[in-house]
Amino acid sequence: MKSRYSIFSLLRNAASYHENWPEVWRSPEPKSSYDVVIVGAGGHGLATAYYLAKEHGITDVAVIERGWLGGGNTGRNTTIVRSNYLWDESAQLYEHALKLWEGLSAELNYNVMLSQRGVMNLAHNQHDLREISRRVNANRLNGVDSEFLDARQVKEFCPVIDLRAGGRYPVLGASLQRRGGTARHDAVAWGYARAADARGVDIIQECPVHGFDIEDGRIKAVETAKGRIEARKVGIAVAGHSSVLAAMAGFRLPVHSLPLQALVSEPVKPVIDCVVMSGAVHAYISQSDRGELVIGAGVDKYIGYGQRGSLPVTEETLAAVCELFPIFRRMRMMRSWGGIVDTCPDASPIISKTPVEGLYINGGWGTGGFKSTPGSGWVFAHTIARDEPHPLNAAYTLDRFTTGYLIDEHGAAAVAH
Amino acid sequence: MLLISCPYCGPREETEFSYGHEAHVERPKNPDKLSDQAWAEYLFMNDNTKGVLLERWVHSHGCRRWFNVARDTVSYQILAVYEMGAKPPRLKKQTYV
């Protein structure tokens with residue numbers, strides 16, 4: 001593996017005030033036609049392009065992006081990675097993603113800073129305890145590492161937690177996935193972008209899509225701000241804007257786009273070395289390498305494309321965090337932001353062919369898109385290259401809303417929606 | 001925080017209300033004869049509009065009555081509030097890329 005950066009290159013570039021570092025990926029003008037065009041240069045889109053090139057030998061690929069690379073939900077999430085989903089279909093998909101995560105830094109020669117520090121999901125009442133035991137057992141049957149902790153073990157694993165949690169939502173136990181943790185979200189986008197670019201993929205930023213050219217039910221071209229781009233196949237991976245792109249292609253999706261918020265505190269010394277989530281009180285928290293507490297809030301209840309959330313949601317989450325962790329009560333929050341998540345009625349994604357031949361969609365990930373980035377790209381690339389889904393994503397069709405084969409993962413999502 | 005004008009109680013904060021998604025979705029007239037495809041369209045598919053959306057709200061923590069709202073889903077500006085059963089007002093169509 002070639003090493004790109006060293007103490008020597010750092011010193012050499014310091015002499016020219018760091019103004020002569022080479023570009024990490026090219027920024028070409030789009031060609032007039034490609035084999036495959038991917039809409040959306042977030043983690044999922046870039047991973048798709050990378051695996052198209054690597055696994056399927058398709059390198060005549062463009063990834064087009066209306067804004068800048070990784071500027072949507074890839075750069076807005078709370079960086080948590082885990083695979084403790086309930087149903088067989090989900091466990092296999094997310095576990096496949098987690099296995100790819102585990103080798104990703106080496107694969108891309110780019111440090112994605114995966115830190116498998118353990119993810120705890122708390123139980124606050126008898127029903128939660130039963131539900132969590134069921135989930136732990138289901139995970140283990142599917143080969144996903146998962147264990148049950150009683151209250152004493154929770155306190156041992158995360159000493160700053162207050163088990164009484166204000167008395168109303170006492171912590172009675174938790175499920176723990178030790179292989180879960182966090183990863184550096186921007187690095188994932190940058191790593192995939194560089195690796196895809198090195199294999200010949202064109203990444204074209206600031207290039208919004210205006211429409212699709214569809215003839216006899218088959219995709220012909222994508223109309224963009226930088227002109228018409230012909231393509232044999234087109235993949236859509238645009239998260240919150242999935243419905244907007246689908247409408248351009250003439251079909252509808254079963255998704256609602258909702259603002260999901262997150263916030264970070266001022267940086268402090270290491271105080272919490274795991275990820276703690278509680279679906280019941282709507283809070284999840286971890287600490288970044290810079291020392292900030294990274295806190296995830298819930299979704300707004302109404303459709304919104306504004307990339308900002310409303311204050312009552314923030315207030316509810318911070319109230320829960322303060323009850324669970326009285327030690328954080330005097331901390332100040334530094335920044336808050338929102339991303340638009342496209343949520344499906346069954347809280348599971350759509351990775352599927354569409355009514356338009358040659359047009360594929362990867363969306364509906366809701367609040368769980370980041371953790372699945374490598375796996376999502378991997379199965380989507382397979383779906384596009386072979387024109388049929390991989391067994392791992394065969395259940396995630398658009399058809400399932402007609403057949404009724406829904407994959408209800410509301411319990412696995414950390415955020416109720 | 002949205003300030004929503006309930007047609008019966010006047011302006012109140014969004015936390016008093018619950019959301020009912022897209023308005024004017026017609027319930028199938030002949031449910032016994034409906035195909036699975038048509039059921040899916042009715043139950044699950046929606047426009048998820050970026051722009052002006054006609055939607056339903058209910059004043060859960062107030063008068064508990066349903067009503068319709070026309071709201072811009074990008075600026076979050078509320079353009080009109082009208083009663084259930086009323087025709088939607090004529091509004092300028094706002095489009096976003």
Side-chain angles (χ1 to χ4, degrees), chain A residues 66-67 207-211 223-225 238 240-248 251-259 299-316 338 340-346 350 355 363-364 397-406 417, chain B residues 1-6 12-26 28 34-61 66-79 81 93-97:
Chain A
R66 77 188 289 251
C207 181
V209 168
H210 295 325
E223 303 287 353
T224 76
V238 295
H241 279 71
S242 294
S243 295
V244 178
L245 273 283
M248 287 179 190
F251 61 95
R252 300 204 296 171
L253 293 174
V255 302
H256 291 132
S257 292
L258 309 172
V299 289
D300 281 4
K301 59 192 167 195
Y302 44 84
I303 289 172
Y305 286 86
Q307 290 190 320
R308 62 186 181 280
S310 66
L311 273 175
V313 175
T314 322
E315 191 183 5
E316 190 189 328
I340 308 303
V341 296
D342 47 335
T343 56
C344 268
D346 57 354
I350 300 163
T397 58
L398 205 43
D399 279 353
R400 75 176 187 268
F401 299 94
T402 305
T403 62
Y405 196 94
L406 302 185
H417 53 72
Chain B
M1 175 80 86
L2 300 179
L3 192 64
I4 301 170
S5 288
C6 170
R12 301 290 181 91
E13 291 177 355
E14 79 177 53
T15 45
E16 289 191 17
F17 297 86
S18 302
Y19 191 55
H21 285 286
E22 208 173 304
H24 309 294
V25 179
E26 199 182 340
L34 218 55
S35 67
D36 288 354
Q37 190 83 43
W39 267 122
E41 272 296 314
Y42 168 68
L43 280 175
F44 296 120
M45 302 298 165
N46 61 83
D47 289 341
N48 196 23
T49 313
K50 184 180 185 183
V52 178
L53 176 66
L54 305 177
E55 58 193 18
R56 300 174 303 176
W57 287 81
V58 56
H59 196 180
S60 319
H61 302 287
W66 285 90
F67 57 94
N68 294 318
V69 171
R71 185 176 60 92
D72 186 314
T73 57
V74 177
S75 70
Y76 298 177
Q77 194 185 0
I78 291 173
L79 303 163
V81 175
K93 209 179 167 190
Q94 181 74 42
T95 48
Y96 297 91
V97 178

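Below, read A as the first sequence line, B as the second, and so on, with proteins coming before strands; counting in each chain starts at 1. These values consider heavy atoms only, across backbone and side chains, with no hydrogens, waters or symmetry-generated copies.
Across all non-hydrogen atoms, the minimal contact from B:Ser5 to B:Val81 is O-CG1, 3.3 Å. Smallest separation of non-hydrogen atoms from A:Ile303 and B:Arg71: O-NH2, 2.6 Å. Heavy atoms only, all atoms of each residue included: A:Pro254 and B:Met45 are closest at N-SD, 3.5 Å.
Contact annotation for B:Thr49: only backbone heavy atoms (N, CA, C, O) come within less than 4.5 Å of a heavy atom of chain A. Looking at B:Asp47, the atoms closer than 4.5 Å to chain A (heavy atoms on both sides) sit in the backbone and in the side chain alike. Looking at B:Glu13, neither its backbone nor its side chain comes within 4.5 Å of chain A, counting heavy atoms on both sides. If you measure heavy-atom distances from A:Leu245 to chain B, you find no contacts under 4.5 Å at all. For chain A, the nearby parts of B:Glu14 are the backbone and the side chain; heavy atoms of each come within less than 4.5 Å.
When each of B:Asp72, B:Asp36, B:Leu53 is checked for heavy-atom pairs under 4.5 Å with chain A, B:Asp36 comes out on top. With respect to chain A, the highest number of heavy-atom pairs below 4.5 Å among B:Met1, B:Gln37, B:Glu55, B:His21 belongs to B:His21.
Considering only residues two or more places apart in sequence or on other chains, B:His61 meets the ring-ring contact (aromatic ring centres under 6.0 Å, His included) condition with none of them. Looking at residues two or more places apart in sequence or on another chain, you find a side-chain contact (heavy atoms from CB on, under 4.5 Å) between A:Pro259 and A:Asp300, A:Ile340, B:Tyr76.
Taking the six-membered ring where tryptophan is involved, the planes of B:Phe17 and B:His59 are essentially parallel, since the angle between them stays under 30° and well short of 60°.
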